[in-house]
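For this chain, numbers begin at 1 and follow the sequence in order. Everything numeric here is computed off the predicted structure, so don't read it as measured data.
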Amino acid sequence: MSSARSEATMADVAHRAGVSVSTVSRTLRGLSTVSDTTRARVESAARELSFAITRSASSLVTGRTGRVAVLMPNLASWFLSSALSGMAPALREAGLDLLVYSVTDVHERADFFDRLPARRNADALLVVSFALTPAERARLDDLGMPLIFVSQHAPERPSVYVDDEDAALRGTRHLINLGHRRIAFLQTFDETGFAWSSKNRLAGHLRALADAGLEHDPSLVMSVPGWKGSGMATAVGRLMSLQDPPTALFAETDDLAFRLLAALRAANVSVPGQVSVMGFDDHVMAGVLGLTTLAQPAVELGRTAVHLTRSVIDASDGAHERHIVLPTELVPRGSTGPPPAAGR
């Protein structure tokens, strides 16, 4: 009768590889202080013994968990899921685990900031498109771990984002150059804390109008419920029933623009014959639906955030104050064209 095989230890790996236990620890944690020859010998011994260092064992030596936490409002939006898909492989390449906290409503939000479940469970927290209150920001500071902001600029904190104001300015300028003078801006609101970047994108839109000498009409700025809410038909009705209705509609996200296109189609308003529509994101369906949009690199935002996070964890020079701005690009498609009067 054979006895059960005992589980290999780090000391067993060290004995087989002919190195010290501390060298095995450094090797399996991926530290660069181990030579390639020694690393190959240790990894070979570990495979032969079916040994894998655990996160808990590693944390006892390094004081690190080997995990990075991510706080985001939900996993359903295209932008957030795309950013997450950029993070996952970059973390895997770095040998780090991913811990996701999805806050989908006000109750989950209150619970998260009350309990702070990320405490002691990660080496850094990535805050993705989350509009924090001052009290919530103070609570996150209590975590005692690096905070990295993604898709939003955070003064005095490392962050990765796009220049929403500049992108929106260029988008509105494109509509103005097509001949539009009455351009509506549709933005969202919800209670989950998703930072739709409304403030900066609206600011860019208004700057473009001012630069062109066009007067801002408050009735052309319309707020509708968040990405899964209703009310788009009402917003379209109000805009198109104005005495001088808009000839172009700028939606702050592609998700919002898709809902807008559906509402216009239901109201028998032709696009771009009667009204042009522009979005922001370059959602995977934007090309299919022919939506003109401002493309932002969602996957690259996530990937870049991970690289920045690694620098912060490793305390690289200047990483704690570093801000990375990724480019946006105007993508003209069939949903925009000259206003009706221009073709008469």
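Shortest non-hydrogen contact noted between T292 and S335 is N-OG, 2.8 Å. Closest approach of R182 and P245 over heavy atoms only: CB-O, 3.9 Å. Scanning both residues, L256 and L186, for their nearest heavy atoms gives CD2-O, 3.3 Å. Across all their heavy atoms, P327 and P297 have their closest contact at O-CD, 3.2 Å. Shown here for V100 and L98, the closest heavy-atom pair between the two residues is CG2-CG, 3.8 Å. Among all heavy-atom pairs drawn from Q187 and S223, the shortest one is NE2-OG, 3.1 Å.
Between atom CG of residue L214 and atom CG of residue L209 there is a gap of 5.5 Å, rounded to the nearest 0.5 Å. Interatomic distance, OG of S129 versus CG of L80, reported as 5.5 Å (0.5 Å rounding). Going from atom OG1 of T172 over to atom CG of L206 covers 8.0 Å, rounded to the nearest 0.5 Å. Atoms CG and CG, from L126 and L147 in turn, are 9.5 Å apart once rounded to the nearest 0.5 Å. In this structure, CD on E300 lies 9.5 Å from CD1 on I324, to the nearest 0.5 angstrom. Here CZ of R41 is found 9.0 Å from OG1 of T23. Values are rounded to the nearest 0.5 Å.
A distance of 6.0 Å or more separates the ring centres of F149 and Y161.
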Kindly indicate, with the supporting measurements, whether the criterion side chain to side chain contact (heavy atoms under 4.5 Å, CB included) is fulfilled by L125 and I148.
-> CA-CA 6 Å; L125 176 65; I148 296 87; over 6 Å; no
Given the rule in the side chain to side chain contact (heavy atoms under 4.5 Å, CB included) test, do L242 and D217 qualify, once you have shown the distances and angles that lead to the verdict?
-> CA-CA 11 Å; L242 291 172; D217 182 349; 5.5 Å; no
Would you please test D255 and T253 for side chain to side chain donor-acceptor pair (under 3.5 Å) and show each step?
-> CA-CA 5 Å; D255 282 318; T253 68; 5.1 Å; no
Walk me through it: do Q296 and D282 pass the test side chain to side chain donor-acceptor pair (under 3.5 Å)?
-> CA-CA 7 Å; Q296 64 169 325; D282 204 20; over 6 Å; no
Decide side chain to side chain donor-acceptor pair (under 3.5 Å) for S82 and S85; before the verdict, give the C-alpha distance in whole Å, the side-chain angles of both, and the deciding distance to 0.1 Å.
-> CA-CA 5 Å; S82 296; S85 70; 5.1 Å; no
With side chain to side chain contact (heavy atoms under 4.5 Å, CB included) as the test, would you mind laying out the steps for S81 and L84 before giving the verdict?
-> CA-CA 5 Å; S81 61; L84 195 61; 5.5 Å; no
Worked verdict on V277 versus T336 for side chain to side chain contact (heavy atoms under 4.5 Å, CB included) | CA-CA 6 Å; V277 174; T336 53; 5.8 Å; no
What's the verdict on side chain to side chain donor-acceptor pair (under 3.5 Å) for H323 and S159, showing C-alpha distance, side-chain angles and the deciding distance?
-> CA-CA 5 Å; H323 301 288; S159 52; 2.6 Å; yes
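Residue V162 is not grouped with residue V299 when hydrophobic side chains (ILVMFWY) are merged at heavy-atom distances under 4.5 angstrom, including chains of intermediate members. Hydrophobic clustering, with ILVMFWY side chains joined whenever heavy atoms are under 4.5 angstrom apart, keeps V325 apart from V127. Taking hydrophobic clusters as Ile, Leu, Val, Met, Phe, Trp and Tyr residues chained together by side-chain heavy-atom distances below 4.5 Å, V331 does not share a cluster with V288. Both V269 and L249 belong to a common hydrophobic cluster when Ile, Leu, Val, Met, Phe, Trp and Tyr are linked at side-chain heavy-atom distances under 4.5 angstrom.
Side chain of E43 to backbone of A40: no donor-acceptor contact under 3.5 angstrom is found. Formation of a donor-acceptor pair under 3.5 Å by the E252 side chain with backbone atoms of T188 is found in this model. Using a distance-only test at 3.5 Å, with no hydrogens or angles considered, no donor-acceptor pair links the side chain of R303 to the main chain of A90. One N or O on the side chain of T309 and one on the backbone of A305 form a donor-acceptor pair closer than 3.5 Å. For D163 (side chain) and D166 (main-chain N/O), a donor-acceptor pair under 3.5 Å exists by modelled atom type. Judged purely by atom type and a 3.5 angstrom limit, R139 uses its side chain to pair as donor or acceptor with the backbone of F113. Under the 3.5 Å distance criterion, the side-chain polar atoms of R67 are left unmatched by any main-chain donor or acceptor of D97. No donor-acceptor pair under 3.5 Å is formed between the side chain of H180 and the backbone N or O of R173. A donor-acceptor pair under 3.5 Å is formed between the side chain of Q274 and the backbone N or O of S270. Side-chain atoms of D12 come within 3.5 Å of backbone N or O of T9 as a donor-acceptor pair.
D141 has a carboxylate O that lies under 4.0 Å from a charged side-chain N of R157, or vice versa, which qualifies the two as a salt bridge.
For the pair R109/F130, a side-chain contact is recorded, criterion being any heavy-atom separation below 4.5 Å from C-beta on. H205 has its side chain within reach of I183: a pair of non-hydrogen atoms, C-beta onward, lies under 4.5 Å apart. At least one side-chain heavy atom of L71 sits less than 4.5 Å from a side-chain heavy atom of V103. Side-chain contact between M285 and L291 is absent, with no heavy atoms from C-beta onward closer than 4.5 Å. A 4.5 Å side-chain heavy-atom check between L264 and L260 finds at least one atom pair inside the cut-off. Side-chain contact check for M278 versus L294: some heavy-atom pair is nearer than 4.5 Å. Counting heavy atoms from C-beta outward, I313 and V68 have side chains that approach closer than 4.5 Å. When side chains are defined from C-beta on, Y101 does not count as touching L116, because their heavy atoms never get closer than 4.5 Å.
Counting non-hydrogen atoms of neighbouring residues, nucleotides and ligands closer than 6.0 angstrom, the NE2 atom of H216 exceeds 12 such neighbours. Counting non-hydrogen atoms of other residues, nucleotides and ligands closer than 6.0 Å to CG of N177 gives a total above 12. Shown here is R238, whose CZ atom has no more than 12 heavy atoms of other residues, nucleotides or ligands within 6.0 Å.
Residues passing the side-chain hydrogen bond (donor to acceptor under 3.5 Å, both in side chains) test with T38 are S35, sequence neighbours excluded.
With E165 as reference, R207 is the one residue of K199, R170, R207 to meet the side-chain hydrogen bond (donor to acceptor under 3.5 Å, both in side chains) rule.
Applying the ring-ring contact (aromatic ring centres under 6.0 Å, His included) test to residues at least two apart or on different chains, the pairs with a partner in residues 252-282 are F258-H283.
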